[in-house]
There are 2 protein chains.
Amino acid sequence: MSTPAVSPPATRDPLTEEDICRRVRDSVLEQRLSPGTRLTEDKLCTVFGVSRTLVRRAFLLLSRDNIVRLERNKGAVVASPTPEEAEQVFEARRVVESALIAQAVARATKPDFEMLRMHLAREKDALATADIARWIRLTGEFHILLARLARNAPLLAFLEQLVFQTSLIIALYGRNGSPSNCRGDDHDRMVAALEAGNAAEAVDILTHHMNGIEAGLSFAPRDDMEDLHQIFAAKAS
Amino acid sequence: MSTPAVSPPATRDPLTEEDICRRVRDSVLEQRLSPGTRLTEDKLCTVFGVSRTLVRRAFLLLSRDNIVRLERNKGAVVASPTPEEAEQVFEARRVVESALIAQAVARATKPDFEMLRMHLAREKDALATADIARWIRLTGEFHILLARLARNAPLLAFLEQLVFQTSLIIALYGRNGSPSNCRGDDHDRMVAALEAGNAAEAVDILTHHMNGIEAGLSFAPRDDMEDLHQIFAAKAS
DNA sequence: AGTCAGTAAATTGTTGACAATCTTGTTGCA
DNA sequence: TGCAACAAGATTGTCAACAATTTACTGACT
């Protein structure tokens, strides 16, 4: 109940294209929209109660962030990164986030750490109350909050993209047997290392953290054509 | 004359939004459009012979790449990064490009180096024939070609943004007394280091290269209001 | 039965007109 | 003369209708 998950049926809001983007993003993040889902303009128009112009602009922005794929005369589908793209996203995150953490150590102040610890508390709360959607969002946000301390707008914006891509990838390839999200007390330990001014250790924890997430993925039998496999299975039965 | 600098007065071309983007980008890159210039929709419509829809979409894309700034009800102006933003762009480039070079060393093959050396020859040719517009473009492209060898799409796309921003920054703050662009034989030496498999040295050259460019800038008296300063100076004379 | 062509529905692409907003120039008033 | 309110022009924001394309369906033919 922390955020208005579903707004009233879209009346008298002068929604802007950024609102649409955020709503779509959140829906993907909380796995109400799965990768590969087709998004028709009309549907979103009626859902949000706006005209096609806005939806169109939103699609353009979302495609720029690799959240949807736009094909001419075909419309928009929620992006479903290939294993190769996934690998590259993880590599990019290791590079960018390591640098951001090093900077963050140099610039963070006491109130910053309090803010981080408050966030960690929220994460734990969400997990304790089994509010998984909120937990997923918060674990992603942690990395953003951390990155913000480095005070580098371009790198921050880029990491935001990457963090979102990571969520998409986990939604696609995560073995739901072992929750491959940000698990364990890695976040706590990173904050501790940061507060101790130990950038090297913080980076080290992060790297292992990311490797752990990546290792928890399964690219096995659904590279591009997950649907096809299901169809074939159904036919054979 | 290497590229059609100005197309015939915009007749019978089914231009796409990417074309508009590219044309605007190139114009900024070759300093025909200076930072702060206002771009009205109607003007571009008549120039390119397209409807407002396309121009609008192009603006949206360009704003995402920080090439233009979009303000509601105010239209688009060519971006003019502040000194703080400039500093952050350079920092981001150091981070991203170092990692890309390290990867490039690991993955580059013989034909890659031939390609790079051919590019270096083109750079020298442009400089020799005093084709400055082409030279500016080529020096930027060098870094893109290098980055492409690392085979990481997100990092590459991000670096493309940053390289363009760098050009903007040089256009804004470069002391035209000392050509602060990619100067000297840094590019040659980087290729040599790469071919020798010496990633550390290549990164080192790059860092000095970037520092040199940054040091050649002058943020002195024109932070946001360059025009005002000129006007006051004129009044005083 | 299976395949292919043709047609109908649905969806996206484009355009032009109209409304809202900002900018600029002018007029009236203290 | 200086300032403020007003008005005209220009520019951007929004929308709804129309055109082009793709997709789905139906039916005839082999």
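In what follows, every chain begins at residue 1, and chains take the letters A, B, ... in the order their sequences are listed. Source: prediction; values computed, not measured.
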Please state how far atom CG in B/L60 lies from atom C1' in D/dT14, giving the value in whole angstrom units.
15 Å
Taken to the nearest whole Å, CZ/A/R56 to C1'/D/dT14 is 14 Å
Taking atom types as they are modelled, would you say the side chain of A/R52 forms a donor-acceptor pair with the base of C/dG13 within the 3.5 Å cutoff?
yes
For A/D42 and D/dT23, what is the distance between atoms CG and P respectively, to the nearest whole Å?
17 Å
Length of the line joining A/K74:NZ and D/dT21:P, which is rounded to integer Å:
14 Å
With sugar-phosphate meaning primed atoms plus P, OP1 and OP2, does B/S51 contact a base, only sugar-phosphate, or nothing at under 4.0 Å between heavy atoms?
sugar-phosphate
Over how many whole Å does the gap from A/L54 atom CG to D/dC15 atom P extend?
6 Å
Separation of C/dT12 atom P from A/N73 atom CG, nearest Å, is 10 Å
When the nearest nucleotide of DNA chain C is assigned to B/E17 and to B/R72 on a heavy-atom basis, which residue is associated with the more 5' position?
B/E17
Test item: A/V24 and A/L62 side chains (from C-beta on) under 4.5 Å apart, heavy atoms:
yes
If you measure from the Lys or Arg side-chain nitrogens to the Asp or Glu carboxylate oxygens, is any gap between A/R52 and A/D42 under 4.0 Å?
no
Listed nucleotide nearest any side-chain atom of B/T53, set C/dT15, C/dC22, C/dT14
C/dT15
What is the distance, rounded to the nearest whole Å, between atom NZ of A/K43 and atom P of C/dT11?
7 Å
Among C/dG13, C/dT14, C/dT21, which nucleotide has an atom closest to any side-chain atom of B/R57?
C/dT14
Rounding to a whole Å, what distance do you find between A/L70:CG and C/dT11:C1'?
13 Å
Test: B/E87 and A/R151 ion pair at under 4.0 Å:
no
Does A/T40 have a side-chain nitrogen or oxygen under 4.0 Å from the phosphate oxygens OP1 or OP2 of C/dT11?
no
Checking A/L149 against A/L116 for the side-chain contact (heavy atoms from CB on, under 4.5 Å) test, could you report, in this order, the C-alpha distance in whole Å, the side-chain angles of both residues, the deciding distance, and whether it holds?
CA-CA 10 Å; A/L149 302 182; A/L116 286 177; 4.0 Å; yes
Closest of D/dT14, C/dT12, C/dG13 to the A/R38 side chain is C/dT12
Ignoring hydrogens and angles, state whether a donor on the side chain of A/D19 or A/T16 is under 3.5 Å from an acceptor on the partner side chain.
no
